[in-house]
Amino acid sequence: MPKAALIINKLVINSEKEIVHKIVKEILLLFKIEVHQDVPADYDIIEISNYVKKDIVFEVFTKIRFVKNSKSQLFTRTDFARQDENPRASANRLIKLNLYHLLTDNLGPIVAPWGILHGVRPAKIVHRYISSGMDKSAIAARLTADYAVSGKKAVLLTDIAYGQLPVLAASDHNTISIYIGIPFCLTRCLYCSFPSNLLPEADILNAFMAALHKEILSLREIIDAYHLKVQNIYIGGGTPTSLPEKYFALLLDYVQGLYSNDILEYTVEAGRPDSITLEKIKLMTAYKVSRMSVNPQTMQEKTLKIIGRRHTPQEIEKVYNDIRLISPAKINMDLILGLPGETAADVRDTLEKIIKLSPDDITVHALAVKKGSSLKSCLDSVQLPDDKVTREMAYTAENLLLQADYSPYYLYRQGYMSGQLENTGYCRQGSASIYNIQIMGEKQTILGIGGNASTKIVAPSFAYLKTLFNPKDLGTYLKSVDDYIERRLSLMREVYEK
């Protein structure tokens, strides 16, 4: 059993609502509190009760009771919603904030740079505040008061959101992006939780390409019918360049049917250096790909072997230099903090080597241990850096990147992240990925096709969005592609013809 900061035998919550249980689980995870029956525990029971009062002033009253050997301690806290908040959202936020403060006051403070801000897209909150007329200092103060975000993270998030405004303003309700999912990889990395498949035999590849072509043709019909402008095309995965050259060329040829003069950015997530050949670089250049991702994750050879990457740091450098010689495309590189066995010194060495190459865009991820990954199932046999070390890694990365004239331009969070950190994209001036900003902002329709792709159709009023998720399972996708094409068309009619 993993060591927890605090173990309880039983948790009692005065609500059957799924969202309340989710909120409580997030806070318990933040404080490393675990529920285990029939083992020695710090407390026999923790009871959590929340009461929502909808009066002139919307308020939430929270009680938490700690029970040990029939003796109990009761603590309470009340907080009030803001006038500009959605009542349901404010109730969830206040339950979470009350619990955070009650546990902090009675169990001791924890290091939680993002406080209770758990959502994937925290910049959306800041954009809402900007739209309401708040200035930078007021927004940062609001993040600290309402979400217990640290002052440094509040300023970082606010600065990033303000920097995104010109990109978001350049898109209207007729401007869209396209995501194309290629759910194949050469091998599966230790930390990967994506539903990607090892490269299959030719018959499966042929069936996938036929299904994808159908979806591309359907997108062309949608674009023409609604007079849409495609701003960005993003081919992701998986690893798109894991496709053999014959199929990779066919993919780019199919996608060419969606290309127009409106395109500002065309990205291929080349990803793994061992999947990129000179011929594929030439193909991407010929088809006007303007952004390529080469994702080493680390430049430590010992770590690459542990996480199942079949390439060396030298091969990363070679592929990078090959692209620079052949293509004018911008290059993005991804790194992961908190990988097995690594130290802050390893991260410094990796960043120094990557910065020396001078990519246009570097995204720094904090390791997230997720269900479905091999890492999740073998945690007992893997030595991961603790939260303190991972935060030291992040501090090292941030300082090195800022010194090298890279600036943060987009940010997102996931569950179960090392160090309670975030994923941050840094870029050189003029090199921000438009697609990355749009996908996090959720103010632009993004039509997703291919394996495990998601479609998000934003209403012309920007007041709401509708979603559709292609199947994660490859076999299901191949069997049901016609159904998902029709469902996408139906959603477009529902939203765009209102």
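Atom CZ of Phe80 has more than 12 neighbouring heavy atoms from other residues, nucleotides or ligands inside a 6.0 Å radius.
Residues forming a side chain to side chain donor-acceptor pair (under 3.5 Å) with Lys10 (at least two apart in sequence, or on another chain): none. Qualifying ring pair (Phe, Tyr, Trp, His ring centres under 6.0 Å) partners for Tyr426, counting only residues two or more places apart in sequence or in other chains: none. Residues forming a salt bridge (charged side-chain N to carboxylate O under 4.0 Å, His left out) with Asp79 (at least two apart in sequence, or on another chain): Arg77. Contacts of Asp405 classified as side chain to side chain donor-acceptor pair (under 3.5 Å), with partners at least two apart in sequence or in another chain: none. In this structure Lys136 satisfies the salt bridge (charged side-chain N to carboxylate O under 4.0 Å, His left out) test together with Asp159, sequence neighbours excluded. Partners of Lys302 according to the side chain to side chain donor-acceptor pair (under 3.5 Å) rule, which considers only residues two or more places apart in sequence or in another chain, are Asp346. Checked against salt bridge (charged side-chain N to carboxylate O under 4.0 Å, His left out), Lys318 has the following partners two or more places apart in sequence or in another chain: Asp322. Every residue meeting the ring pair (Phe, Tyr, Trp, His ring centres under 6.0 Å) condition with Tyr435, not counting sequence neighbours, appears here in chain and number order: Tyr234. Taking the ring pair (Phe, Tyr, Trp, His ring centres under 6.0 Å) definition, one finds that Tyr409 meets it with nothing, sequence neighbours left out. In this structure, the ring pair (Phe, Tyr, Trp, His ring centres under 6.0 Å) partners of Tyr100, at least two apart in sequence or on a different chain, are Phe31. With sequence neighbours left out, the side chain to side chain donor-acceptor pair (under 3.5 Å) criterion links Asp146 to Arg82, Arg142.
Using a 4.0 Å cut-off between a side-chain N of Lys or Arg and a carboxylate O of Asp or Glu, Arg291 and Asp361 qualify as a salt bridge.
A salt bridge (charged side-chain N to carboxylate O under 4.0 Å, His left out) check over residues 109-127, counting only residues at least two apart or in different chains, returns the pairs Arg121-Glu442, Lys124-Glu442.
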- Task: Go through the steps for Leu11 and Val24 under the test side-chain contact (heavy atoms from CB on, under 4.5 Å), then give the verdict.
- Result: CA-CA 10 Å; Leu11 174 68; Val24 171; 4.1 Å; yes
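Judged purely by atom type and a 3.5 angstrom limit, Ser293 has no side-chain atom pairing as donor or acceptor with the backbone of Asn295.
Of the options Arg272, His311, Lys353, a side-chain contact (heavy atoms from CB on, under 4.5 Å) to Ile316 is made by His311 and by none of the others.
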